[in-house]
Number of protein chains: 2
Amino acid sequence: MKKGSYSPTASPTLSDVAREAGVSAITVSRTIRSPEKVSKASRLKVEAAIAKLGYAPDPAASALASKTSTTIGLLVPSLTNNVFADVVRGVYDGIEETRFFVQIGNFRYSALKEQELLRVFLRQKPAGLILSGFDQTQEATRMLKNAPCPLVQIMDIGPQPADMAIGFDHKEAARTATRHLLEQGYTKLGFLGARMDPRSQARYEGFKDVCKDAGKLDEKRIVTTLQPSSVSMGRQLFEALLAKTPDVDAILCNNDDLAIGVLTEAQRRNIQVPDDLGICGFNDIDIARNMMPEITSVATPRYDIGRRAIQMILDEIAEPGSVADRNQDVGFELVPRQSTARRR
Amino acid sequence: MKKGSYSPTASPTLSDVAREAGVSAITVSRTIRSPEKVSKASRLKVEAAIAKLGYAPDPAASALASKTSTTIGLLVPSLTNNVFADVVRGVYDGIEETRFFVQIGNFRYSALKEQELLRVFLRQKPAGLILSGFDQTQEATRMLKNAPCPLVQIMDIGPQPADMAIGFDHKEAARTATRHLLEQGYTKLGFLGARMDPRSQARYEGFKDVCKDAGKLDEKRIVTTLQPSSVSMGRQLFEALLAKTPDVDAILCNNDDLAIGVLTEAQRRNIQVPDDLGICGFNDIDIARNMMPEITSVATPRYDIGRRAIQMILDEIAEPGSVADRNQDVGFELVPRQSTARRR
DNA sequence: TTGACAAATGATAGCGCTAACATTAGTGTT
DNA sequence: AACACTAATGTTAGCGCTATCATTTGTCAA
């Protein structure tokens, strides 16, 4: 059981190790941080002392003295969202076995909240920062300009990253999906969108672009909400869409959650997918591609983006300026499946 | 664009704020950390100065001086898993607007890795720790015994928490679900399990208990894997089960992902759910309850557990010993739906 | 052997904050 | 008015580490 006090227990410090090893504190510090600067004899003595005392450095003291911590900040707009869950996973996998930590900040799609989180994170003297997209506030952008660490903006692409960026073109992805629906012979295209953040907006624009070019744009067949995306929301939006325009014959969903909702609601209403209704999702999550029928979607390299973003940061920490391609477009891939495979 | 250097930029310090406000540094510190100890006049002056300078405290310096950081460690076995994603969300929601941070450690279902993460986390002098379950290594348990901070073990229940605990009885939950299947008239019950961690094992035991008591246990109708859970894995396990025992008429799935996989594979094979096959999931995630047919599941308060765990920690930080119920069973709820609503 | 240089090590100071104690201002009692 | 007390504020020292510069030791050419 536990005492009610939570008193800190003393751990050995650098000087303890130094005394044990018969060297100065700074030599111990160097043995840990840059062993190549220390003679083999000293190194062995110090390593033995560290092992004997069970020493581990205090990250707070280190951060204070060196003005840089081992924390890498990751600012995401949502933790619920599949997209960011995958990114987070990639980042964590990439950080494993390094001396760094990840600290996640959830700014809930609020640029202002992002700005404040950024301010707080910067006070920690992070070793690196990963941000979502390019839509920071002016003040946040200003802070980023002279951020004291490598920085990657992820998920989106843009002409002017603050430092580095990796993502893909959401508008073009939606264009590709929309063209696919037209090619499959659908003519009355609808669009469902939840949580209309900047990237969702870009997809929406892409959809409208292609519809307009094909002379098939009907704004009544567009239903969006600012509320979070979910399967139930997909059902609700689909119901709303049917109420307005029952003649819709294909739907581009802003993400796979919505697409699943549309599919299950269609099954309930006995609407045949893909013959009466084509459904295309976005992101290509595991569940959607295992539905019956399997849902057509745009595969996006979310995990990979997280993984590569963290690698860019680690590379820059090791050797500033070493990352050659500082603005990477990793692309996307339309994966046609049964849910849009209409019989001609 | 960016210079290649990442030089740290000076931010205002406590003394800067103190000078601006015409008070001493410690008064500024107190205004931030315990405003009730400061007169209203000083407080207003200090707050104005903070706002003017855009000051935010340096957590490293604070941690070093006070021997306790504002970091709360959260050790989870997986980031992919829906279960822990919801817990994480609850924790983040509970921490919002406080001065604390969450730092997640992913130990990938390895107790040894958990132990090493714990060691590293403890060096940060965390303000609190949240662990998953009770299955720590001996060494980890020893470290926990004299952890210098409040500590909550979550998701499971057990007789002897290291400090505090909140969770529910997985074995009993599985018993309840299994009884439900029997009550619905199913007689040849199967069990599918992936990622058999200690809590999955407990559910598995619960299933076997009830089947055995009812004289309906057939080990051939149990298929498990150590690989991660997913919808595709649900399909695979279901296929394996059908290959062994095609007569199975109901399946308890270790979680909803598997259940969805079973359902979609059943649809592919034209097996009627619930009449030919009953399906019961676990966790009651949004997608499962929106399938067609809707999937019966055991609702577990994952978000709530995260939320309450963090609150227990915050309460203990504010007032050690103030949390009265230090070992909470938050229960579960069977939610019968169409996927087990067999016609009699 | 000497000097020139690099490699290895150390002494000192200080990062920005808070704990602990010291002092001053304010409030009420007799 | 003098005293006792609390509330508010300040002074001092130091948390554990690393940057900086100074010193010592080792290495090699002339």
Side-chain angles (χ1 to χ4, degrees), chain A residues 5-46 49-50 53-71 99 120 122-125 127 148, chain B residues 7-46 49-50 53-71 99 122-125 127 148 317:
Chain A
S5 55
Y6 306 119
S7 51
T9 42
S11 341
T13 70
L14 257 196
S15 337
D16 296 334
V17 177
R19 199 175 321 110
E20 177 73 31
V23 297
S24 70
I26 189 72
T27 298
V28 178
S29 172
R30 280 198 272 252
T31 306
I32 294 167
R33 300 169 32 84
S34 36
E36 77 283 358
K37 287 185 188 159
V38 169
S39 70
K40 192 167 181 186
S42 302
R43 191 168 65 244
L44 292 176
K45 279 189 293 183
V46 169
I50 287 176
L53 300 181
Y55 170 80
D58 179 336
S62 171
L64 182 59
S66 70
K67 297 183 191 303
T68 164
S69 72
T70 53
T71 299
R99 64 198 176 90
V120 174
L122 283 174
R123 281 310 306 217
Q124 307 213 40
K125 307 153 187 157
Chain B
S7 51
T9 42
S11 341
T13 69
L14 258 197
S15 336
D16 295 335
V17 177
R19 198 175 321 111
E20 177 73 29
V23 298
S24 70
I26 191 72
T27 298
V28 178
S29 173
R30 280 197 272 254
T31 307
I32 293 167
R33 301 170 33 84
S34 36
E36 76 282 359
K37 289 185 187 157
V38 168
S39 71
K40 191 166 181 187
S42 300
R43 191 167 67 243
L44 293 177
K45 277 190 293 182
V46 169
I50 287 176
L53 300 180
Y55 171 80
D58 179 335
S62 172
L64 182 59
S66 70
K67 296 182 191 304
T68 164
S69 73
T70 51
T71 298
R99 63 200 177 89
L122 284 174
R123 279 305 308 204
Q124 307 215 38
K125 306 156 186 156
I317 290 171

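Just so it is clear, the model here is predicted, and its values are computed rather than measured. Per chain, numbering begins at 1; letters A, B, ... match sequence-line order.
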Would you say [X] reaches [N]'s phosphate, i.e. side-chain N/O to OP1/OP2 under 4.0 Å?
X: A/S39; N: C/dT9; value: yes
X: B/R30; N: D/dT9; value: no
X: A/K40; N: C/dA8; value: no
X: B/S29; N: C/dT18; value: yes
X: A/S24; N: C/dT9; value: no
X: B/S42; N: D/dT9; value: yes
X: B/T27; N: D/dT9; value: no

Roughly how many Å is it from [atom1] in [X] to [atom2] in [N], rounded to a whole number?
X: A/L14; N: D/dA19; atom1: CG; atom2: P; answer: 12 Å
X: B/I50; N: C/dC17; atom1: CD1; atom2: C1'; answer: 14 Å
X: B/D58; N: C/dG14; atom1: CG; atom2: C1'; answer: 14 Å
X: B/D16; N: C/dC15; atom1: CG; atom2: C1'; answer: 13 Å
X: B/L44; N: D/dT9; atom1: CG; atom2: P; answer: 11 Å
X: A/K67; N: D/dT20; atom1: NZ; atom2: C1'; answer: 13 Å
X: A/L53; N: D/dG16; atom1: CG; atom2: P; answer: 14 Å
X: A/I32; N: D/dA19; atom1: CD1; atom2: C1'; answer: 16 Å

How many angstroms lie between atom [atom1] of [X] and atom [atom2] of [Y], to the nearest 0.5 angstrom?
X: A/R43; Y: A/I32; atom1: CZ; atom2: CD1; value: 13.0 Å
X: B/K45; Y: B/E20; atom1: NZ; atom2: CD; value: 11.5 Å
X: B/S29; Y: B/K37; atom1: OG; atom2: NZ; value: 9.5 Å
X: B/L14; Y: B/I50; atom1: CG; atom2: CD1; value: 8.0 Å
X: A/R30; Y: A/E36; atom1: CZ; atom2: CD; value: 11.0 Å

TODO: Measure from the side-chain heavy atoms of A/I26 and tell me the nearest of C/dG16, D/dA19, C/dA19.
DONE: D/dA19
Open item on the list: Side chain of A/A61, heavy atoms from C-beta onward: which of D/dT9, D/dT18, D/dG16 has the nearest atom to it?
Closed with: D/dG16
Open item on the list: Using C1' atoms of five pairs at each end, report the bend of the helix from C/dT1-D/dA30 to C/dT30-D/dA1 rounded to 10 degrees.
Closed with: 30°
Open item on the list: Quick check on DNA chain C: between B/R33 and A/L64, whose nearest nucleotide comes earlier from the 5' end?
Closed with: A/L64
TODO: Quickly, which of B/T31, B/V28, B/V38 forms a side-chain contact (heavy atoms from CB on, under 4.5 Å) with B/V23? Name it, please.
DONE: B/V28
Open item on the list: Donor-acceptor check, side chain of B/S66 to backbone of B/S62, threshold 3.5 angstrom: yes or no?
Closed with: yes
Open item on the list: Please compare B/V23 and B/R123 by the position of their nearest nucleotide in DNA chain D and report the one closer to 5'.
Closed with: B/V23
- [ ] With DNA chain D as reference, determine whether B/G22 or B/S66 sits nearer its 5' end, using the nearest nucleotide of each.
- [x] B/G22
Task: Name of the residue among B/K125, B/Q124, B/K67 meeting side chain to side chain donor-acceptor pair (under 3.5 Å) with A/D58 - done: B/K125
